[in-house]
Amino acid sequence: QSLIYYLSINDSRRIRVYAMAALPRVASCNKNAFDQFLKPTLIDGTYESSTFPEVMKALQDVYYCLGITCSDIGGFDQETRKCIDSAINAALAGYIPLTDVREFSRVDLDILQIEIFMRMEQLDTANDLYINGANIRMGIDFLTLHDMAIDANNAKVPSFSIFKRYYGDEYYSHKMINEVFTLKPPYKDFGTTQRMIIVQRSLQYLVVQMRLLSHLYSCYYSCVSHNIQEHDKKNELWDRAAAYFVGSIEAGNDDNGDQRSGGLLLFNLGKQLCSEFNTCSKGFAKINDEIISLFRTGQGALNGNQCNILEDTIGQIESLINVPLLQGLIRSADRSDGVQAKSRSNEDIAEGFMFATVLLPIIDRADPEAASLISQNMVQPFKTSTRPMPSGKLEVFDMVARIIPKIGISCENIGIYDGYDFCKGAASQSSSALLTSSLSSTLFVCTLFQIIFSF
C-alpha cells in the first residue's frame, strides 16, 4: 500500500525504499517481471509517473501468488481501483478450465523458488522446498514436487515404462534430483549454475511433464470405464494437466501468453524457442497454439464421453510436447559445439545434458543408433568432463532429423535452425556453413550422394 501511494504522488526517494522492501517478494512470483521491468523502473532507474498504470498491472498480477486480494490492498483513485482478482476459472493462456485449478498452476512457483535458493547455493533449503512444498496448498498440507516424482499414478502413462526401463529405476527423476542435492558424484564437481539447471530441468520436463501425462491418461481410463460419478473429477484432472503445461506465471494472459511473463513450464519453452526455429505466428509459438487447441478438443471429448477422440487427442499432446524439448536439444548442441573439456561454468552443456536426458528414452525406443550418438555427444562428455560434442553439431542435427518422423512429430513443427531445415536434413545446409577446406568439401559431397541414393 505504501509503495502504491508513493508511486501515485511520485515521491522518488520513498518509492525506492518501499520497492526494495516489497519487490523481492515479487521476484519469487514472476522473475522476469521483476528483472526486466519492476527492478529497472523502481529501484535501479528513475521512476516516470507515465508508467504508473503499467507498474500497477505488474503488481496486481502477482497478488494471487502473494496470497492477497484486490480488496486487501484497496484503492484511492480510479486507476488503483481497476484491480480484478484472479477468477476461479482464470484462463490458462487461452484455455478456459471448467474447474478451479489455480493452486495446481502454482507448481511453477515451487520450481522458481528452488532455482533462487540454488543460485544462492542454499542446497538444503532448496531440497526442503522440493520435499515439503510451499505453493500448492491442499487443505492443511502441500502437494510437493517430490510427491509428483514418486507418484505411483505415473505408471498410468504408457511411456513411463520406457523411462523406467531406460534409466533402470522407476524413481529416475527423484534419484537424479536427490544426487544433486546431496552432492553425489559426478554432480558434486559441477558448477553452481550447472547443478541448478539439472534440478530445474528435471522438475520442469521430467517430473511435471509426467504428472501432466498421468492426469490425461487418468481421464481416458475414466472415460472408457463409463464412471459417471467421476465426471467432475475427470474435468478437474484434465484442467490440472493444462495447468501443468502453462503454469501460474502465464495464467490469465491472452492465447499465447505475455511476452514479459517468464513462465517456467513447457508453454514458455515453446515461446522462447519459436523465433530461433522460424516457428512463430505473430511473434508467438505455433506449437503452443496447437497444444492449447488440443486441450480444448479433449475437454469437449471428455464431456461428450467420446473416448476414441479423447485417446487420439492425448496421443497428439504427448507427441507435440516433445517439440520444444527437441528444439532445446538442437540449440544446446549448437551452443555446446566447441566448448572445452572440464568446463564447469558453461550453462549450454548442462542444458544439452538435460534435454538429452529427458528425450533419450523416447529416442532410444525409436532409433537406438541415434540415441547412442546423442548420448555420446551430450550426456557422457558432461558426466566425464571430456570435450562435449566430439562428433560435431551437424551429426546430432542429422540424427534429430532422422528420428523426428519416428516419434510422431512433423518436421515442420521443428522448423529451421541456423539454416538447417529439419525437413531436408543435411542437404539443407549451405556449403559456407559446412565446408572449411577442400577436403571437407569432398567429404560432404560424398556424404550427400550417399544420402540421395539411399532414398
Side-chain angles (χ1 to χ4, degrees), residues 24-35 61-62 64-67 92-93 101-138 142-151 154 172-174 176-181 192-215 240-251 257-258 261-272 321 324-325 328 347 350-351 353-355 357-358:
R25 294 173 174 82
V26 174
S28 68
C29 293
N30 190 332
K31 192 170 182 295
N32 273 22
F34 174 76
D35 288 342
D61 281 348
V62 298
Y64 182 76
C65 170
L66 296 172
L92 295 163
V101 291
R102 291 175 296 175
E103 283 294 308
F104 299 97
S105 71
R106 289 159 62 94
V107 66
D108 53 3
L109 302 181
D110 272 14
I111 296 172
L112 172 59
Q113 290 158 23
I114 287 172
E115 174 194 342
I116 292 170
F117 285 129
M118 293 196 72
R119 288 189 183 278
M120 297 168 64
E121 300 188 12
Q122 299 298 314
L123 293 185
D124 289 343
T125 308
N127 189 33
D128 182 70
L129 204 160
Y130 165 66
I131 296 294
N132 297 303
N135 291 286
I136 310 175
R137 186 171 290 280
M138 299 184 70
F142 291 99
L143 174 63
T144 76
L145 287 160
H146 173 261
D147 294 338
M148 297 181 188
I150 64 171
D151 189 358
N154 290 337
Y172 55 89
S173 56
H174 169 68
M176 179 182 294
I177 292 165
N178 184 61
E179 288 178 349
V180 175
F181 281 141
T192 298
T193 302
Q194 290 179 331
R195 285 197 292 264
M196 182 276 295
I197 288 171
I198 293 168
V199 170
Q200 188 180 49
R201 301 296 177 264
S202 296
L203 295 172
Q204 292 167 306
Y205 309 137
L206 287 175
V207 176
V208 175
Q209 176 177 322
M210 193 57 68
R211 182 74 168 189
L212 181 165
L213 293 172
S214 74
H215 283 354
R240 286 186 198 179
Y244 292 140
F245 175 66
V246 177
S248 68
I249 299 173
E250 300 277 6
D258 184 340
S261 294
L264 291 173
L265 303 182
L266 281 163
F267 181 89
N268 186 259
L269 180 64
K271 193 167 68 172
Q272 287 179 5
I321 58 178
L325 297 172
E347 297 183 19
E351 294 278 8
F353 168 73
M354 280 313 304
F355 281 119
T357 297
V358 171

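Computed from heavy atoms alone, side chains included, the values below leave out hydrogens, waters and symmetry copies.
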Sub-4.5 Å side-chain heavy-atom contact between Ile136 and Thr144: no

Heavy-atom side-chain proximity of Phe104 to His215 below 4.5 angstrom: no

Note, Asn30 side chain near Asp61 side chain (heavy atom, < 4.5 Å):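 No, side chains not in contact.
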
Over all atoms of both residues, closest heavy-atom pair of Asn154 and Met148: ND2-O, 3.1 Å

Beyond-backbone contact of Phe142 with Asn135, side-chain heavy atoms, under 4.5 angstrom: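 Contact flag for Phe142/Asn135 side chains = no.
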
CD-CG distance between Gln204 and Leu145, expressed to the nearest 0.5 angstrom: 10.5 Å

Contact check, side chains of Ile321 and Leu213, non-hydrogen atoms, under 4.5 Å: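 Of all side-chain heavy-atom pairs linking Leu213 with Ile321, at least one is under 4.5 Å.
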
Atom of Cys29, atom of Leu66 and distance for their closest heavy-atom approach: SG-CD2, 3.8 Å

pair Leu92-Val101: side-chain heavy atoms closer than 4.5 Å: yes

Steps toward side chain to side chain contact (heavy atoms under 4.5 Å, CB included) verdict (Met196, Phe117): CA-CA 9 Å; Met196 182 276 295; Phe117 285 129; over 6 Å; no

Backbone of Gly133 reached by a side-chain donor or acceptor of Asp110 within 3.5 Å: no

Heavy-atom pair with the smallest gap, counting every atom of Met118 and Arg195: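 Where Met118 meets Arg195 most closely, the heavy atoms are CE-O, 3.6 Å.
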
Inter-residue atom distance Ile111.CD1 - Leu265.CG, 0.5 Å rounding: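 Rounded to the nearest 0.5 Å, the CD1-CG separation comes out at 5.5 Å.
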
Heavy-atom pair of closest approach, residues Val107 and Val208: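 Closest approach of Val107 to Val208, heavy atoms only: CG2-CG2, 3.9 Å.
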
Pair Phe355-Leu269, side chain to side chain contact (heavy atoms under 4.5 Å, CB included): steps then yes or no: CA-CA 12 Å; Phe355 281 119; Leu269 180 64; 3.9 Å; yes

Contact summary for Val207 and Ala149, nearest pair of heavy atoms: CG1-N, 3.8 Å

Which residues share a side chain to side chain donor-acceptor pair (under 3.5 Å) with Arg106, sequence neighbours left out: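 Here no residue qualifies.
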
Partners passing salt bridge (charged side-chain N to carboxylate O under 4.0 Å, His left out) against Asp128 (at least two apart in sequence or in another chain):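 Partners of Asp128 by the salt bridge (charged side-chain N to carboxylate O under 4.0 Å, His left out) criterion come out as none, since no residue qualifies.
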
Rounded distance [0.5 Å steps], NE2 in His174 versus OG in Ser202: 12.0 Å

Mutual orientation of the aromatic rings belonging to Tyr130 and Phe181 [parallel < 30°, tilted 30-60°, perpendicular > 60°]: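 Tyr130 and Phe181: tilted rings.
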
Side-chain H-bond candidate by donor/acceptor type, Glu121 with Thr192, under 3.5 Å: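 On atom types as modelled, these side chains qualify, holding a pair under 3.5 Å.
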
Sub-4.5 Å side-chain heavy-atom contact between Thr125 and Met120: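 With C-beta onward as the side chain, the pair stays apart.
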
Residue pair Arg201, Val358: steps toward the side chain to side chain contact (heavy atoms under 4.5 Å, CB included) verdict: CA-CA 9 Å; Arg201 301 296 177 264; Val358 171; 5.7 Å; no

Validation row: Asn268, Asp108 side chains within 4.5 angstrom (heavy atoms): no

Those residues that, when tested against Glu115, pass side chain to side chain donor-acceptor pair (under 3.5 Å) (two or more places apart): Arg119, Gln200

Closest approach of Gly263 to Glu250 (non-hydrogen atoms, all atoms of both residues): N-OE2, 3.7 Å

Separation of Ile177 CD1 from His146 NE2 (nearest 0.5 Å): 9.0 Å

For Arg211, all residues meeting salt bridge (charged side-chain N to carboxylate O under 4.0 Å, His left out), sequence neighbours excluded: Asp151

Ring pair (Phe, Tyr, Trp, His ring centres under 6.0 Å) involving Phe353 - partner list, sequence neighbours excluded: Phe382

CG-CE distance between Leu325 and Met354, expressed to the nearest 0.5 angstrom: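 Output value for this atom pair is 10.0 Å.
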
Spacing of CG belonging to Leu112 relative to CG belonging to Leu203, to within rounding of 0.5 Å: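 Atom-to-atom, Leu112:CG and Leu203:CG are 12.0 Å apart.
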
Derivation of the side chain to side chain contact (heavy atoms under 4.5 Å, CB included) call for Leu109 and Ile249: CA-CA 8 Å; Leu109 302 181; Ile249 299 173; 4.2 Å; yes

Set of residues satisfying side chain to side chain donor-acceptor pair (under 3.5 Å) with respect to Asn127, sequence neighbours excluded: none

